[in-house]
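Data first, discussion second: the structure below is written as C-alpha cells.
Atom set for the values below is all heavy atoms of this structure, side chains included, hydrogens, waters and symmetry mates excluded.
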Amino acid sequence: MIVDLHSHSNCSDGQLTPEQLLSEASKAGIELFSITDHDTLAAYRQIGTAIPEKLTLLPGIELSCTWRKMTIHLVGLNVEPESQVMADAEQAQGLARAERFEKIIHRLKKIGLSIDNDQLIANAGQCPGRPHIAKYLLETGQVNSERHAFDKYLGQGKTGDVKECWPNMDKAIRWITESGGVAVLAHPLKYGLTRTKLMELALEFRESGGKAIEVVSGQQNPNQTALLRTVATRFDLLGSVGSDFHRPDQPWARLGRVAPLPKGIAPVWSLFS
Ligand code: AMP
Ligand code: MN
Ligand code: MN
Ligand code: MN
C-alpha cells in the first residue's frame, strides 16, 4: 500500500490547490493520504466530499512549535477539523504567523534589504511564511535562489529566524491530542540536532504525549532511516512516512515516493484502520 502522510497545498506554502493535490496523489497510486498544511486545516474546508475513489484521506495539520528555543514541526494526524480545539489552534497559530511575518520583515529591513511590506503581505495570502519572503527576495533580485534566501537570511540562526511567536511543544501536542489526533514528530533530521539531542527531543516528545515519528521523510539514505528506526524503537514510537510534498518541481519530495517503513516499526496508521 502506498502511504503518504505529509503534504502541502496552496492553503499554506504548497503550489497545488487541495483538489489538484488529491488528484495528483490519486494518480501517484497513493491509497492513504494526508494534506498537512502549516498551521491550517483550510484545505479540508475546501475539499468537502470530493475525494477520489480508492484514496483514504486522513485529516492532518503541521503545527509549528518550539523545543528548547528551536522551531520544530509536529504533524497532527486524524485531528477533527471541525473541533473547537482545532479552531483555537488555527486561530492562535494564524496570529503568531502574522506577528512573526512582520517581525521577520522588520529585521530584514534593518540589515538593509529592500521590502515593500504591503506588497509582500498581499502576496503571502492566508498563511504567510518564510517561503513567501524567499520568493519576494528572489523576484526583487536580492538573492539568486530561494535556497540562497534561506541560507543567508531565513534559515535557523539567521536574521530572519524569529521563533519566539510559537507555542511550546507541549501545547502543540495537547491541541492535537485533545482534538482526537495523534502527534507525529515531523522530519526529525531537519533540525540539525546531534544524535544526543535528537534522543532528548524524542524522549521529551514521548513524555509529553507524542505517539509517532516520521521514520521516512522524503528522500533519505539508508543510514538516516536506520537512525530513525533506532529512535522509534528506543522510545516506543509508531512510525509514519511522508514526502513533505510542496510542488511538482522538487524531485526530493515527490508525492508517494517514500520508502516503506523498516521492519519492526509499527505503522501509525494501524491506529486508524
Ligand atoms: P515557515 O512556515 O515560515 O517557518 O517556513 C518553513 C517552510 O519553509 C518549510 O516548510 C519549507 O517549505 C520551507 N523551507 C525551509 N527551509 C528551506 C530551505 N532551506 N530552502 C527552501 N525552503 C525551505
Ligand atoms: Mn513548507
Ligand atoms: Mn516541516
Ligand atoms: Mn511539511
Side-chain angles (χ1 to χ4, degrees), residues 4-28 30 32-52 55-64 71 73-77 79 81-82 86-87 89-102 104-105 116-140 143 145-147 149-150 154 160 166 186-187 190 217-218 242-258:
D4 190 340
L5 299 177
H6 189 152
S7 70
H8 296 271
S9 78
N10 68 354
C11 292
S12 64
D13 58 359
Q15 196 178 73
L16 306 182
T17 64
E19 291 80 4
Q20 289 168 333
L21 184 54
L22 285 182
S23 158
E24 291 303 311
S26 175
K27 278 192 225 158
I30 297 170
L32 183 61
F33 187 58
S34 188
I35 301 175
T36 54
D37 277 312
H38 295 285
D39 304 304
T40 177
L41 289 157
Y44 294 91
R45 293 186 280 274
Q46 287 188 24
I47 291 163
T49 53
I51 297 166
L55 182 148
T56 301
L57 182 65
L58 274 180
I61 189 167
E62 181 174 17
L63 294 178
S64 310
T71 301
H73 288 172
L74 303 183
V75 164
L77 290 177
V79 293
E82 309 282 335
M86 271 297 124
E90 287 189 81
Q91 194 189 16
Q93 294 294 81
L95 288 172
R97 254 186 194 281
E99 186 191 330
R100 167 177 174 266
F101 200 64
E102 297 208 355
I104 297 174
I105 296 173
D116 176 338
N117 292 38
D118 292 342
Q119 196 190 335
L120 179 49
I121 290 169
N123 288 346
Q126 294 301 304
C127 182
R130 288 176 292 170
H132 301 101
I133 301 177
K135 187 161 178 271
Y136 179 90
L137 294 177
L138 177 62
E139 285 167 358
T140 53
V143 292
S145 66
E146 287 168 12
R147 196 199 167 104
F150 272 89
L154 299 165
W166 299 127
H187 44 63
K190 288 232 181 103
S217 171
S243 61
D244 206 359
F245 173 87
H246 282 74
R247 49 197 223 204
D249 65 355
Q250 295 180 331
W252 61 88
R254 310 217 358 227
L255 273 177
R257 295 293 186 88
V258 277

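Side-chain contact between Leu22 and Ile35 is present, with at least one heavy-atom pair separated by less than 4.5 Å. Looking at Leu32 and Leu57, their side chains never come closer than 4.5 Å, going by heavy atoms from C-beta outward. Within the 4.5 Å cutoff, the side chain of Glu24 has heavy atoms near those of the Leu16 side chain. At a threshold of 4.5 Å between non-hydrogen side-chain atoms, the residues Arg100 and Ile104 count as touching. Using a 4.5 Å heavy-atom threshold, the side chains of Asp37 and Glu62 count as separate. Looking at heavy atoms from C-beta onward, Met86 lies out of side-chain contact with Pro81 at the 4.5 angstrom threshold.
A donor-acceptor pair is defined here as one N or O able to donate and one able to accept, closer than 3.5 Å; no such pair exists between the side chain of Gln250 and the backbone of Phe245.
Across Leu154 and Arg130, no two heavy atoms sit closer than the pair O-NH1, 2.9 Å. Smallest separation of non-hydrogen atoms from Thr17 and Ser9: C-CB, 4.3 Å. Across all non-hydrogen atoms, the minimal contact from Ser243 to His6 is OG-O, 3.4 Å.
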Which atom pairs, donor and acceptor, lie under 3.5 Å between side-chain atoms of residues 118-127 and protein residues at least two apart or in another chain?
none

Glu146 vs Arg247, salt bridge (charged side-chain N to carboxylate O under 4.0 Å, His left out): CA-CA, chis, key distance, verdict:
CA-CA 14 Å; Glu146 287 168 12; Arg247 49 197 223 204; 3.4 Å; yes
If you apply the rule side-chain contact (heavy atoms from CB on, under 4.5 Å), what do you find for Phe33 with Ile30, and how did you get there?
CA-CA 7 Å; Phe33 187 58; Ile30 297 170; 3.8 Å; yes
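Residues satisfying the side-chain contact (heavy atoms from CB on, under 4.5 Å) test with Ala42, not counting sequence neighbours, are Cys11, Thr40, Arg45. Residues forming a side-chain contact (heavy atoms from CB on, under 4.5 Å) with Ser145 (at least two apart in sequence, or on another chain): Arg147, His148. Every residue two or more places apart in sequence or in another chain that forms a salt bridge (charged side-chain N to carboxylate O under 4.0 Å, His left out) with Asp244 is listed here: Lys190. With sequence neighbours excluded, the residues forming a side-chain contact (heavy atoms from CB on, under 4.5 Å) with Ser34 are Leu5, Thr36, Tyr44, Leu58, Leu77, listed by chain and number. The salt bridge (charged side-chain N to carboxylate O under 4.0 Å, His left out) check on Arg97 picks up Asp39, with sequence neighbours excluded.
Ring geometry for His132 against Phe101 counts as perpendicular: the plane angle is over 60°, on a 0 to 90° scale with 30° as the lower cut.
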